[in-house]
Number of protein chains: 4
Amino acid sequence: MPEPRFRRRKEDRPQEITEAALTAFAEKGYAATRVDDVAKRAGVSKGLLYLYFKTKEDLFKAVIRSFVVPRIDALTTIIDNSEMSAEEFLRGPFFEFARTLPGSHISILIRLMIAEGPKHPDLLQFYWDNVVSRGLGAISELLERGVQQGEFRRSAVNELPHLFAMPVLFSVVFRSLFEKQCPDTDKLIGAQLDLLIAHMKGDVA
Amino acid sequence: MPEPRFRRRKEDRPQEITEAALTAFAEKGYAATRVDDVAKRAGVSKGLLYLYFKTKEDLFKAVIRSFVVPRIDALTTIIDNSEMSAEEFLRGPFFEFARTLPGSHISILIRLMIAEGPKHPDLLQFYWDNVVSRGLGAISELLERGVQQGEFRRSAVNELPHLFAMPVLFSVVFRSLFEKQCPDTDKLIGAQLDLLIAHMKGDVA
Amino acid sequence: MPEPRFRRRKEDRPQEITEAALTAFAEKGYAATRVDDVAKRAGVSKGLLYLYFKTKEDLFKAVIRSFVVPRIDALTTIIDNSEMSAEEFLRGPFFEFARTLPGSHISILIRLMIAEGPKHPDLLQFYWDNVVSRGLGAISELLERGVQQGEFRRSAVNELPHLFAMPVLFSVVFRSLFEKQCPDTDKLIGAQLDLLIAHMKGDVA
Amino acid sequence: MPEPRFRRRKEDRPQEITEAALTAFAEKGYAATRVDDVAKRAGVSKGLLYLYFKTKEDLFKAVIRSFVVPRIDALTTIIDNSEMSAEEFLRGPFFEFARTLPGSHISILIRLMIAEGPKHPDLLQFYWDNVVSRGLGAISELLERGVQQGEFRRSAVNELPHLFAMPVLFSVVFRSLFEKQCPDTDKLIGAQLDLLIAHMKGDVA
DNA sequence: AATGAATGAGTATTCATTCAT
DNA sequence: CATGAATGAATACTCATTCAT
């Protein structure tokens with residue numbers, strides 16, 4: 001009996017398609033990715049793809065939405081729910097997050113955001129609201145908690161959570177461009193964390 | 001028939017074209033820039049443009065080559081020739097360089113490199129050899145000099161000149177994406193420098 | 001499980017669909033009308049529509065068939081059954097028919113026939129046989145009756161019932177294209193009738 | 001020596017293309033005509049066609065503009081410049097014009113206008129201003145001249161030049177739809193002219 | 001009978017690149 | 001050298017039609 005030409009799987013389709021798109025975008029970049037190709041990878045006709053995503057741009061946005069946001073969610077959830085000290089969190093889950101990000105699929109999405117962002121202002125806004133702003137906010141909150149609990153002293157760093165995000169972005173970009181010549185990004189991220197934590201604790205760094 | 005008042009010099013043509021291209025790429029990005037448009041901006045016919053640059057990709061590479069490298073040259077030249085202490089250099093010319101970069105045209109080129117780089121491995125190699133590697137090397141050298149002269153202590157940071165480059169890349173990317181919500185990048189760069197210098201000097205940060 | 005309050009009758013379906021199609025075609029024209037849209041207007045699934053009409057073209061033909069023919073029927077029935085004199089008929093029911101046609105839905109169908117006709121020769125044949133030929137025949141017959149009864153004289157006009165149809169077609173087309181600049185079509189149709197009747201009666205027009 | 005792949009004929013291209021388009025539109029109608037096909041007929045690449053006409057719609061408009069307007073010009077020029085009496089003009093040049101139109105290419109354009117007009121309001125306006133309004137105006141003027149010179153009496157017909165245009169439009173439409181069953185359109189047009197002229201002259205028609 | 005998810009052929013339009021002049 | 005007319009491959013998107021459910 002031959003494979004049925006049709007499978008009715010309304011529920012699964014969107015995710016099947018965004019997954020295929022993620023891979024395709026990751027390999028070729030946005031502009032060079034053919035809608036045809038995404039459909040083929042998803043094992044779906046082009047027409048069906050357009051049933052779920054009005055345009056290629058739409059598809060791109062959906063990819064960003066569905067793969068990046070959950071990562072941030074995971075991080076903020078831990079901050080909110082755990083009993084860890086700030087340092088424990090930074091050296092534990094945060095370091096783990098920062099360390100693994102540059103090698104993951106998400107890393108490629110971040111490069112895509114940098115590349116394509118300026119052409120999609122609404123996506124940029126979405127990304128700011130749901131990813132960047134929340135991520136920075138979570139760090140700020142964490143530092144504040146550290147200060148409240150006498151773990152950290154207050155300093156200019158409290159206003160600059162970006163200092164914690166910096167090595168992550170740097171590693172993402174660096175590894176995606178100069179894979180070969182890239183330093184051990186773990187070391188880089190670790191070094192920055194050491195610097196910052198020593199500073200916050202008032203130690204000689 | 002009157003002699004044309006200005007006759008364009010053959011020798012200037014390539015630069016006129018790369019300048020036009022820089023502006024165009026900066027405005028629209030690589031893919032969305034039309035060769036036609038670059039030619040028009042340069043006041044040159046499309047055919048002539050193709051006489052100097054075999055392909056659009058070629059033109060892109062030429063743009064990167066001619067505008068980014070000189071900036072790095074300027075910086076390394078100062079390091080090599082000046083009598084400043086390491087800290088003076090970092091707080092002086094380096095800070096100035098880092099502070100102005102994110103708002104300049106070069107900033108856009110860096111974003112373009114991030115976006116288009118992976119499609120042009122040879123360009124990436126060129127960029128590594130002539131910009132990144134030399135930039136990081138210059139910082140390493142500077143730190144080493146600081147150590148030699150008793151200004152700095154030796155630490156893990158000596159092996160990670162990236163820590164000095166990080167805030168620059170971060171600011172470039174951040175400002176080009178989130179102009180509105182962007183923090184004062186001067187402050188960010190300054191804070192990182194403070195952290196690093198305090199650490200190198202062994203101060204309580 | 002409650003019985004649905006209204007259960008659509010199978011027998012009514014085709015007409016409900018052609019009615020929806022008429023409206024849709026009238027609004028958008030044949031090519032721009034989506035089968036999807038017709039189905040939605042008819043409150044029916046696309047699949048069911050295709051159960052009744054094999055193709056979109058089929059649907060179009062059905063629309064023409066079901067809405068135009070009855071109009072002609074109505075007219076010929078009056079001719080055949082009434083006791084009116086020819087002039088009474090022309091100035092009465094015929095004028096009424098001619099006057100109201102250009103503003104009705106049928107008018108749009110006629111425009112569609114003009115537009116799409118050449119692509120559907122069989123439809124054209126059907127239209128000729130059932131509408132045009134019968135309409136012209138009815139007029140011829142009427143004129144003949146007028147001659148037989150001494151009401152009209154015989155002239156070249158007897159062979160050209162088209163002269164009576166002309167202002168109707170003209171008004172239909174004119175109003176559908178130049179609604180704004182259109183003359184009072186009643187006056188136009190009336191004037192042509194006056195001309196023709198005066199001629200047939202041998203009056204000075 | 002092989003045919004050169006390029007011919008530089010900037011001046012001739014637009015007309016070569018509109019001519020090809022006229023034929024194609026005439027054969028297939030607007031929607032069914034492929035831009036590809038027009039280009040092929042014109043012996044030109046698709047790209048070049050788009051150099052001269054921004055869109056398919058643009059091309060269509062150009063076709064209407066370039067082939068219909070001159071015909072009207074020819075007619076009005078005769079009215080304005082000739083010394084003929086009104087009747088001479090009507091039975092001479094006007095009849096000739098009306099007689100030949102339904103078999104000409106223009107006839108097909110008129111059908112296209114009827115079919116596509118409502119989708120292109122600006123084209124419709126152009127057509128009204130440059131063709132219909134001027135054509136009707138010319139007839140009105142002619143009738144008025146006839147009245148002034150004692151050739152015609154004044155009547156309701158003076159206000160309805162449409163009565164003269166009617167048989168032309170009717171013949172155009174009729175012949176393009178029912179070529180086979182079409183009456184001798186010359187006879188039809190002649191009969192209407194006879195009716196109208198007799199009426200204007202006050203004769204028993 | 002009824003649904004609507006799934007198909008895929010079909011087409012307008014763009015743009016880097018070439019080459020006759 | 002210089003031009004810009006000419007090329008044609010490449011691609012997002014549509015929609016009539018089908019068919020598993």
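First the proteins, then the strands, lettered A, B, ... as listed; each starts at 1. Side chains are part of it too, since the values below use all heavy atoms of this structure and drop only hydrogens, waters and symmetry mates.
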Residues D/Met113, D/Leu124; criterion side chain to side chain contact (heavy atoms under 4.5 Å, CB included); working and verdict: CA-CA 8 Å; D/Met113 275 299 305; D/Leu124 224 37; 3.4 Å; yes
What residues 18-34 of chain B contributes to the DNA chain E interface at heavy-atom separation below 4.0 Å is B/Thr33, B/Arg34
Could you state the atom-to-atom distance from [atom1] of [X] to [atom2] of [N] in whole Å?
{"X": "C/Lys40", "N": "F/dA16", "atom1": "NZ", "atom2": "P", "answer": "12 Å"}
{"X": "C/Asp12", "N": "E/dA2", "atom1": "CG", "atom2": "P", "answer": "12 Å"}
{"X": "C/Leu51", "N": "E/dA1", "atom1": "CG", "atom2": "P", "answer": "5 Å"}
{"X": "C/Glu16", "N": "E/dA2", "atom1": "CD", "atom2": "C1'", "answer": "14 Å"}
{"X": "B/Leu49", "N": "E/dC19", "atom1": "CG", "atom2": "P", "answer": "17 Å"}
{"X": "B/Ile17", "N": "E/dA16", "atom1": "CD1", "atom2": "P", "answer": "15 Å"}
{"X": "B/Tyr52", "N": "F/dT3", "atom1": "OH", "atom2": "C1'", "answer": "14 Å"}
{"X": "B/Asp37", "N": "E/dT14", "atom1": "CG", "atom2": "C1'", "answer": "15 Å"}

Counting only Watson-Crick and G-U wobble pairs with both atom distances below 3.5 Å, the stems of 3 or more consecutive pairs that include DNA chain E are E:2-21 with F:2-21
Between A/Leu109 and A/Val68, the two heavy atoms sitting closest are CD1-CG2, 3.7 Å
Contact list for residues 51-60 of chain C, test salt bridge (Lys or Arg N to Asp or Glu O under 4.0 Å), sequence neighbours left out: C/Glu57-C/Lys61
Is the backbone N or O of D/Ala24 less than 3.5 Å from a side-chain atom of D/Thr33, with the two atoms forming a donor-acceptor pair by type? yes
Spatial distance of atom OG (C/Ser45) from atom CG (C/Asp36) [nearest 0.5 Å]: 10.0 Å
Can you tell me which nucleotide in E/dT17, F/dA16, F/dA12 comes closest to the side chain of B/Tyr50? E/dT17
Against the side chain of D/Ser45, the closest entry in F/dT17, F/dT7, E/dT3 is F/dT7
Among A/Phe67, A/Tyr52, A/Phe25, A/Phe60, find the one that has a side chain to side chain contact (heavy atoms under 4.5 Å, CB included) with A/Thr18. A/Phe67
In terms of the nearest nucleotide of DNA chain F, which residue is placed more toward the 5' end: B/Lys46 or A/Leu48? B/Lys46
Comparing A/Asp36 with C/Gly47, nearest DNA chain F nucleotide closer to 5' gives the residue A/Asp36
For D/His105, all residues meeting side-chain hydrogen bond (donor to acceptor under 3.5 Å, both in side chains), sequence neighbours excluded: none
Do the non-hydrogen side-chain atoms of C/Ser176 and C/Ile108 ever get within less than 4.5 Å of each other? no
For B/Tyr127, the ring-ring contact (aromatic ring centres under 6.0 Å, His included) test, sequence neighbours excluded, returns none
Only residue of D/Arg34, D/Lys40, D/Arg41 satisfying side chain to side chain donor-acceptor pair (under 3.5 Å) with D/Asp37 is D/Arg41
Indicate whether OP1 or OP2 belonging to F/dA6 is found under 4.0 Å from a side-chain N or O atom of D/Arg13. yes
Can you pull out the residues from residues 54-63 of chain C that lie within a 4.0 Å heavy-atom distance of DNA chain F? C/Thr55, C/Lys56
I'd like to know whether A/Arg111 forms a side chain to side chain contact (heavy atoms under 4.5 Å, CB included) with A/Val173, so could you lay out the CA-CA distance, the side-chain angles of the two residues, the decisive distance to 0.1 Å, and finally the verdict. CA-CA 7 Å; A/Arg111 205 177 59 74; A/Val173 170; 5.8 Å; no
For this output row, return yes or no: ring centroids of D/Phe126 and D/His120 closer than 6.0 angstrom. no
